[in-house]
Amino acid sequence: MEISSPPEKILAALLRQAITAAYPEEAHHPIFLERPKDPAHGDWTTTWAFHRARTLKQNPRTVAESIVREVTPHPYLHAIEVAGQGFINLYLSPLAKTAILPHILERRHRYGAGQPSSEKILIEFVSANPTGPLHVGHGRGAAYGAALAQLLSFAGHTVTCEYYINDAGRQIDILALSVWLRYLEHFLSLSSLFPPNAYQGDYVRLIAAELKERHGALFVRDPTPHLAQLPPAPLPDRLDPDAVEQREARLDALIALAKQLLGPDHWAILHRLVLESQLADLRADLAEFGVHFDTWFSEQSLYDTGLVARAIEQLQTAGHCYEQDGALWFRATAFGDEKDRVLRRANGSFTYFAADIAYHLNKYERRYTHLINIWGADHHGYAPRLRAALTALGLDANRLEIHLVQFAVLYRGGEKVPMSTRAGQYITLRELRQEVGNDAARIFYLMRKSDQHLDFDLDLAKKQSADNPVYYLQYAHARIASLLREALSLVTDPDPSQALALDQTLAAVDLTPLHTSPSALTLAQHLSLFPSLIQTAAQERAPHHLLLYLKEVAARFHAWYNEERILVPDSALRNARLALARATQHVLTNGLTILGVSAPTRM
RNA sequence: GCGCCCGUAGCUCAGUGGAUAGAGCGUUGGCCUCCGAAGCCAAAGGUCGCAGGUUCGAUUCCUGCCGGGCGCGCCA
C-alpha cells in the first residue's frame, strides 16, 4: 500500500463523505483527526461537531450523531461512535493497523523519509572561536545542530551544515600571543610576564611545545628590554573596572610588542600556525563526535574579499548610518533594536557585528530558502541587531531563524560541576565524550527542548543500567538483532544481501496472525506514525520529539516481546511476528541514525 | 532597569484548546525450566506557581503578580 494513503487519511475521507451527506453546506469545512490520550477513546478522534455546532444551531452531540449515521463501512474502519458531549471516536481494524508493515519492509532505511522538497536550508552551528577546546556547552549546540540537519535532510530538504570561523578578531591575536609567551618560556626566564587575561589552559603550552619542536628558536625574541614601555599591570586582587581596563590595555600593548619584535611575516606565520592547530583540533573533536560540516566559512575571508566594506557601504548608502565620537554607527533603533550599534570603531577597525552583517549578506546571496543559526544562549541580545541590519539591507529577515541553545549544567554525585571559562576551568566536550561515551552524550543533549536549561547527570549517563535512557533504546534494537540471528540460525549478523532477502520475504508474509494481539497491533500502529512524526519534528526544528517517539516505540516493543514469544514453531505465526519485529528494528535504526546515536546489534 | 527561558508527582522532566494530565528515577509488590530481566506488569504519589480574562471547553492562549535561571560591551 502507498504511504500516501495512511489509515487516518482514509478515515478522514469517510468522514468527509458522511459530512457532505449530513450537512451539504459544511462539505468544505476542514476535518482534523487527533490521537486521543486514552486508547479507550478510539484510535483517532475528531472534535468537528464542537466546532460547527454553533453555526449549525444544533448541540454537538446531535451533530456528531447525524454524521456517524452517514458513515459507510470500510475494511479499515472497525467501529465509529459518538462519545461525551460530541466527540466522534474512530476505531481502526487490525487490517488497517498492520498494513504499514510491508511498506516499512520495502522502504527499509528510507522508511519515514519525506518527498524531496524545494527547500534549501543552511544550518550554521557550533562556530566556537578557535581559541581553545570545545566545552560541554558547545557540545549541546553540536548535538542539536547535527541532529536537526539529519532530521531536515531525512524529511526531504536539501541541507548544508556550516561552521563560521572567527579567525579575524582580537581573540586569535590573544591566543597567538599566549602561545608565543609560553613558547618563549622554553628559552627565556619570563616567569611573571604571562598576563592573567591571556589564555591559561594547558593546551596553550602544548601548542607552544609543538611550535618549538617544529620550528626551533625561529620565533625567539626577548621582550624584556621593552617591558618598561608597557602599561603597568594592576595588582591581581584588584577586580574593579579600571583594573580590568588596564589589564586589557596591557594585553593589547603586548600583542603590539609581539608583532613589532617578530615582524609582520613571522607574526603572520605564528598566527596561522596557532589558528590551524586549533582548527585541526576542533575538526577532529567534532568528527569523533559524529558531527560533520560541509563548509567552513572564514571571517577573515569577508575582509579579504572586501565584503565587509561593501556591506557597510550598502547600509550607508541606504541612509541607515551616522558618525559620532569618531565611530560609524548603525541606526538599529529604527528597526526595533533597543540601541544603535557601532560598525566601525573610532580606531578605524570594524566590529564583529560589521563582519557578521557581511557574513549574513553572503548567506542570502547564496540563495537558501531558510537560514538557521544555532547560537549559545549568551548571544541572546544579539539577534535583534542582526535582524535589524538585514532588514535595513532590504532582506527578508523572516528567512533567518535563530535558535538559542541554553547551557547545560553538569552534575556529578548530585553536585553541580563548577564551570568557569576563566583560567581554563571547564569540562571539555572531549572529556565528556571520553567519560560517558558519544551515544550517551548525544542522547542526554537531545533529551530536552533546546531552548530549555539542561541538567546533565554524569553519573546517570555512565550507568549501564535500566535508569539510563540510552540503553533502553539500544537494548530494544539489540534484542531484535539477536532474534533475527536466532531465526536465521546465524552466529553473526546477516550481511546486506541476507538482510534484503529477509525483508523481501517478510514483506510478503500473511499478517492476519497478528490481528488478535492487542500489543502487536499497538506497536504496528505506532510504527505507522513515524513518517508524519518526521515531518512535524522537522518543521518544529525539534529533534527531541523524535527521541521521545523512539522511546515510545521501544516501550511498545518491550511490552509486546514480554507478552508473546516470537520464535514459535508455527511458521505462519512466527513469520508474521518476525515481520513486526524487523519493521520495528528499521524504525529504531532510522531514528537513531538521525539522532547520531549508534544502533548496536549486541550489547 | 530591559530582554529571553522556566514554574506540572518526592526528584528530573514530557505533554496538549478537549474526555480520567503522562514518562523515567525513587518507594512497594509481582514476572526468567522457554527468543537477551540493560526487560515487563501492577500499586502508591498532582490545587499543572497565584489571580483575572478569552472560549461550549484553559494545565495549554492573553494580562497582571509571585518565584527561579540566564543575558545585557566601540568583546568575539
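Chain letters run A, B, ... following the sequence lines, proteins first and then strands; every chain starts at 1. Side-chain atoms are counted along with the backbone in the values below, which use heavy atoms only and exclude waters and symmetry mates.
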Set out, line by line, the N/O atom pairs under 3.5 Å between protein and nucleotides 19-23 of chain B.
{"unit_1": "B:A19", "atom_1": "OP2", "unit_2": "A:K37", "atom_2": "NZ", "d": "3.3"}
{"unit_1": "B:A19", "atom_1": "N6", "unit_2": "A:T45", "atom_2": "OG1", "d": "3.0"}
{"unit_1": "B:A19", "atom_1": "N6", "unit_2": "A:N89", "atom_2": "OD1", "d": "2.9"}
{"unit_1": "B:A19", "atom_1": "N1", "unit_2": "A:N89", "atom_2": "OD1", "d": "3.4"}
{"unit_1": "B:A19", "atom_1": "N1", "unit_2": "A:N89", "atom_2": "ND2", "d": "3.2"}

Taking the minimum atom-to-atom distance to the side chain of [X], which one of [options] wins?
X      : options             : value
A:H545 : B:G15, B:C35, B:A76 : B:G15
A:Y561 : B:G39, B:C35, B:A14 : B:C35
A:R385 : B:G73, B:C74, B:C34 : B:G73
A:R602 : B:C74, B:G39, B:G36 : B:G36

Check your understanding: Any side-chain heavy atom of A:R485 sitting closer than 4.5 Å to one from A:V491?
Key ->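 Heavy-atom side-chain distance check fails, nothing below 4.5 Å.
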
Practice item. Answer whether the closest heavy-atom distance between the side chains of A:F87 and A:H41 falls below 4.5 Å. Key: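 They are not in side-chain contact.
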
Practice item. Could you measure between the two P atoms, the one in B:A9 and the one in B:G71, and give it in whole Å? Key: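 Nearest-Å result for B:A9 against B:G71 at atom P: 27 Å.
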
Point to revise | Rounded P spacing from B:G22 to B:A43 in Å | key: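 It comes out at 12 Å once rounded to the nearest Å.
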
Exercise for review: Could you tell me whether the side chain of A:R331 and the main chain of A:Y322 form a donor-acceptor pair under 3.5 Å?
Suggested key: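 Not a single qualifying donor-acceptor pair exists.
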
Check your understanding: Side chain of A:Q200, backbone of A:P196: donor and acceptor closer than 3.5 Å?
Key ->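 Pair found, side chain donor or acceptor close to backbone of A:P196.
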
Looking at [X], does any N or O in its side chain come under 4.0 Å of the phosphate oxygens OP1/OP2 on [N]?
X      : N     : result
A:Y472 : B:G36 : no
A:K449 : B:G15 : yes
A:R341 : B:G73 : yes
A:H403 : B:C5  : no
A:R345 : B:A76 : yes

Practice item. May I ask you to decide whether A:E162 forms a salt bridge with A:K363, counting only side-chain N to carboxylate O separations under 4.0 Å? Key: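 Looking at A:K363 together with A:E162, the answer is no, because their closest N to O distance does not fall below 4.0 Å.
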
Check your understanding: More 5' along RNA chain B: A:H380 or A:W560, using each one's nearest nucleotide?
Key ->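 Nearest-nucleotide comparison on RNA chain B picks A:H380.
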
Point to revise | Pi-cation contact, A:W44 with A:R35 (under 6.0 Å, within 45°) | key: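 Flagged: A:R35 positioned over aromatic ring of A:W44.
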
Review point. What orientation do A:Y199 and A:Y203 show, parallel under 30°, tilted 30 to 60°, or perpendicular over 60°?
Key: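 Tilted, since the angle between the ring planes falls between 30° and 60°.
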
Exercise for review: Scan A:A478 against the nucleic acid and name what it touches under 4.0 Å (heavy atoms): base, sugar-phosphate only, or nothing.
Suggested key: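 Since a base atom lies under 4.0 Å of A:A478, the category is base.
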
